[in-house]
Number of protein chains: 2
Amino acid sequence: MTTDPRKRLELLWNGAQRPSRGPKPKLTLDQIATTAIAIADADGLDGLSMQRLAAELGYTTMSLYRYVPGKDQLVEVMLDRAAGDPPRFTGEVRDWRDEIQVWVRELWAVYLRHPWSLRVQVSGPPSGPGQLAWFEAALRPLAHAGLADDELVATVMFLMGAVRQMALLEIDISGARAQSNVTTEEAQTGYETTLREFVDPQRFPTLTALVGRGGFAASGDSGEGIDLDLDFGVQRVLDGLESYLAAQQN
Amino acid sequence: MTTDPRKRLELLWNGAQRPSRGPKPKLTLDQIATTAIAIADADGLDGLSMQRLAAELGYTTMSLYRYVPGKDQLVEVMLDRAAGDPPRFTGEVRDWRDEIQVWVRELWAVYLRHPWSLRVQVSGPPSGPGQLAWFEAALRPLAHAGLADDELVATVMFLMGAVRQMALLEIDISGARAQSNVTTEEAQTGYETTLREFVDPQRFPTLTALVGRGGFAASGDSGEGIDLDLDFGVQRVLDGLESYLAAQQN
DNA sequence: CTAGAACTGTGTATCACTTACACAAAACCG
DNA sequence: CGGTTTTGTGTAAGTGATACACAGTTCTAG
């Protein structure tokens, strides 16, 4: 079922070198990926069909399959390219906490720029040049901070996952608000209201108290606070790493 | 496009009360959801089609649409039920760190039990009874620890996201290994080998060094260490929270 | 310099899936 | 007991991915 992992990587890294035999290909993987990303940015992953992509490029649907084994592989390529360049620090690491924070913010921005990328099934550890560049960018400051190998990997994946998930929530909520016909104001209180209605104080005491104090309005629904929430979490992780490293030095 | 949010919640909470007019429904949302979960557990989300679900139940495809507005809604219900019951602590919170750790482990287990649930598009903040029960279970110890409202929400979502993402990685990797025809041994070194081949030391110095030391073999591909990675991240968050709370008391 | 091999773009066709729509039988209400 | 509501069903439409074969193009071997 799954494609040969070797071919998969070559597509990601080399764009699948073409042999020198037949007619010159008129398309490139680059063109295809770029156009596909544009479509997905505009209309989401659902808006991206091979037929539409081909039409947009001025070719037939099946021609695309000369460049890409299947839609899944195409999406994988899109994903890697859409990641773009991570923030690049050079030379000595000055402030590893700062570098990580910048990294988080930039990654967050990438996700917001390409919301569809959050919808893609991740199918394994990062393997493309784009994904790995982001990995590298986070590894650098953390390695300098003094983490061991396995701790490095753990931390980066942990952070990536958190950013990803928070971004997912952000676009889900803002997306739902945008397309619903209720006013923003209504949407603000809507979630909280329904919670109040359904949530049983016996079974959900902490939650009930929280909703009662309006603690959900801020970050639960308005969506304005999600990046702040992310910031808070990241700060805690960094604090935790610091105290962990400090404890190790004794 | 989106369904009325009100109906959506009623389906999740009440199972959509039936009126007393027409013929008695022979099916229940419960049966449907249970069977659907069984199918998805066995063959994944792709294996779950309305036709197959109906066949398994002994009814026609279209009959299902009397109980569920569409497949998406069904999946949402499945998701909420598959979550099951979170670990339930009662009375005073004794050790909030411990409660959180148990919570994380149990959540991790849920994801492994229902791998398909990681593939589902989350479409907003947790709203069903199952999801909210998990939310409550994490809120409780954290509230006791002394976090403010917005910090509570931030922390829980942050942790949920991290667990989710790590679980996703886990099942992706173990799944890929299971269905590939290479031996486990080969798969172990496979990822690392390809990395070595493609990764440019100039562009990815830290990564290269890491791979060179074999730092990826442990957690990157074998999959044996992912839960350990998660543990490490969670510990750091808890450490961070502790030092944050300690700093506030002064 | 030429024959054939390799490769490209295309048209057709298939298969799987969700879901709209209309209908007949069933159960309840007044 | 007539009418209304609701259920299960059959049919069919629409969409999307992709297998397969064909015709034209370009390179390479001899």
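Fair warning: this is a prediction, and the values are worked out from it, not measured in the lab. To find a chain, count down the sequence lines: A is the first, B the second, and so on, and within it residues start at 1.
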* Asked: Are the side chain of A:Trp13 and the backbone N or O of B:Phe198 linked by a donor-acceptor pair below 3.5 Å?
  -> no

* Asked: Thinking salt bridges, do B:Arg52 and B:Asp43 make one under a 4.0 Å N-O criterion?
  -> yes

* Asked: When you look at CD of B:Glu197, are more than 12 heavy atoms from neighbouring residues, nucleotides or ligands closer to it than 6.0 Å?
  -> yes

* Asked: Within less than 4.0 Å of OP1 or OP2 of D:dA17, is there a side-chain N or O belonging to A:Gln51?
  -> yes

* Asked: For A:Arg52 and D:dA17, what is the distance between atoms CZ and P respectively, to the nearest whole Å?
  -> 12 Å

* **Length of the OH-P vector between B:Tyr65 and D:dT7, whole Å** => 16 Å

* Which atoms form the tightest heavy-atom contact between B:Ala33 and B:Arg81, and what is the distance? -> CB-CD, 4.3 Å

* Please report the shortest heavy-atom distance between B:Ser127 and B:Leu9, naming the atom on each side. => CB-CD2, 3.6 Å

* If every non-hydrogen atom of B:Leu64 is compared with every non-hydrogen atom of B:Leu57, which pair is closest and at what distance? -> CD2-CD1, 4.0 Å

* Whole angstrom value for the distance that separates C1' of D:dA19 from CE of A:Met50 -> 14 Å

* To do: Measure from CG on A:Leu45 to P on D:dA17 and round the result to the nearest Å.
  => 11 Å

* **Sequence-aligned protein contact record of nucleotides 4-12 of chain C, with B where the base is within under 4.0 Å of a protein heavy atom and S where only the sugar-phosphate is** => -BBBBBBBB

* When the distance from NZ of A:Lys71 to P of D:dT18 is rounded to whole Å, what number comes out? -> 8 Å

